[in-house]
Amino acid sequence: MFSAVGLLAALVAVAPARAGDGDSAVSWKKTTVEGKFRSEGVAIADVNRDGKTDVLIGDSWYEAPSWTKHDIRKPGNYGDGLHSYSDCMCCWTDDVNGDGWVDQIVVGFPGAPAAWYENPKGKSGHWPRHEIWHSACNETPLFTDLFGDGHRVLVMGWQPRGKDNEGQMAWFSPGSDVDQPWEMHAISEPSRPGHVIPGTFRFSHGLGVGDINGDGRKDVICTGGWWEQPETGKKSASAWTFHPAKLGDAVADMIVYDVNHDGKADVIASSAHRFGIWWFEQGEVKDGSPVFTQHDLFPDLVSETHAQIAADIDRDGQLDLITGKRFWSHGKNEPGSDKPARLYWFQARRGGDGKVTFTPREVDDASGIGTQFVVADFNGDGLLDIVTSNKKGVFVLEQVGSKK
């Protein structure tokens with residue numbers, strides 16, 4: 001199934017995005033793939049194996065370069081997003097069944113099942129759906145290389161059927177039969193009466209993966225603390241050791257980053273529904289776990305930063321930050337909800353004292369982010385680009401200039 005909507009959008013909606021301020025040499029070109037609310041998660045891949053990078057948004061995929069829309073499943077009508085949500089909060093691509101064609105992984109509304117959609121190898125019609133797990137919790141699930149072996153796994157909380165007051169953090173991967181639900185591997189203990197597991201409920205906010213303690217293994221982080229990956233890694237048959245910590249409230253992606261260059265991993269987090277971007281400085285160990293101190297980075301620049309990514313935009317060897325506004329995350333009920341849907345990259349510079357400072361560079365003021373987005377070399381020119389889907393539409397922002 002397809003329509004000409006994407007083709008029309010591509011013909012009329014290519015325009016230069018606003019360049020960054022100050023001394024940044026990075027500039028951007030914005031393409032509106034479709035100016036309609038379709039999803040708040042997005043992925044990119046060569047769906048039809050024609051050598052061009054396509055855009056996927058849960059319900060559909062857009063074929064490059066004309067952006068013809070092909071439906072993966074029956075598309076929803078989500079209106080303008082003022083009083084509605086999409087059925088794609090997060091979206092990734094991978095060859096799940098190993099047949100050489102890229103498939104799509106989708107997390108819909110928080111707490112609902114996660115599923116993967118099997119690429120029909122060029123055949124028309126909707127893609128076969130396979131349920132991954134009956135419950136996908138935390139509003140920032142991750143599909144990431146948790147074990148550093150080149151294979152991504154799904155990291156998220158989940159809840160037992162009919163038990164919204166219980167939860168468990170886990171990682172998931174396909175079993176020997178990819179048509180069956182994926183195998184669940186415990187990161188945390190399951191909840192029990194009087195023992196709530198942080199980050200695991202339907203609408204929990206804040207999740208990250210990174211090496212907190214410097215042992216070379218990636219840990220799993222939430223706002224209530226972090227789970228230490230054991231030496232046995234993916235072979236571990238028991239829950240990981242949990243270290244409690246105070247790492248914010250309702251935040252989004254939690255990024256491990258040594259901000260002050262003291263050899264200890266800090267955490268950068270942004271507010272999912274209010275104003276604020278912070279870093280949490282790792283300090284001395286107390287009662288077996290390090291203590292973190294919160295510092296403001298940008299307390300009032302932009303609100304509803306419901307996703308963020310660290311990547312080297314200007315190719316200077318220092319990881320920059322990319323985030324922006326999730327427009328109308330809950331309609332007009334959030335602080336700054338009606339302000340422009342700005343998208344930023346934050347240029348990182350390490351000073352003589354070793355501490356990193358971040359300078360905001362505006363990419364665009366009418367796109368923003370969703371609950372998950374992509375930073376990657378979309379067009380193969382060696383520069384990192386940004387792809388987003390949200391209540392403003394579906395956008396590709398290509399970097400067109402970058403000088404060291």
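No hydrogens, no waters, no symmetry mates; every other heavy atom, side chains included, goes into these values.
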_For Asp215, side chain to side chain contact (heavy atoms under 4.5 Å, CB included) partners two or more places apart_ = Asp211, Asn213, Arg217, Glu228
_Test item: Glu131 and Arg129 side chains (from C-beta on) under 4.5 Å apart, heavy atoms_ = yes
*Under 6.0 Å between ring centres, would you say that holds for His134 and Trp158?*
yes
*Minimal non-hydrogen separation, Val47 against Asp54, with atom names*: N-OD2, 2.8 Å
*Which residue pairs pass the side-chain hydrogen bond (donor to acceptor under 3.5 Å, both in side chains) test with at least one member in residues 246-259, sequence neighbours excluded?*
Tyr257-Gln318
*Any idea how Phe143 and Trp182 line up, ring-wise: parallel (<30°), tilted (30 to 60°), or perpendicular (>60°)?*
tilted
*asked:* Checking His273 against Glu304: is there a side-chain donor and acceptor pair closer than 3.5 Å?
replied: no
*Shortest non-hydrogen contact from Asp364 to Ala366?*
OD2-N, 3.1 Å
*Does the ring center of Phe298 lie less than 6.0 Å from the ring center of Trp278?*
no
_Quick check on the 6.0 Å ring-centre criterion: do Tyr344 and Phe346 meet it?_
yes
*Looking just at side-chain N and O atoms, do Glu139 and His306 make a donor-acceptor pair shorter than 3.5 Å?*
yes
*Any ring-ring contact (aromatic ring centres under 6.0 Å, His included) pairs touching residues 374-395, not counting sequence neighbours?*
none
*Any luck finding a side-chain donor-acceptor pair between Thr323 and Thr305 under 3.5 Å?*
no
*Looking only at heavy atoms, which two atoms of Lys325 and Gly336 are closest? And how far apart?*
NZ-O, 2.6 Å
*Quick one: are the ring centres of Tyr85 and Tyr78 less than 6.0 Å apart?*
no
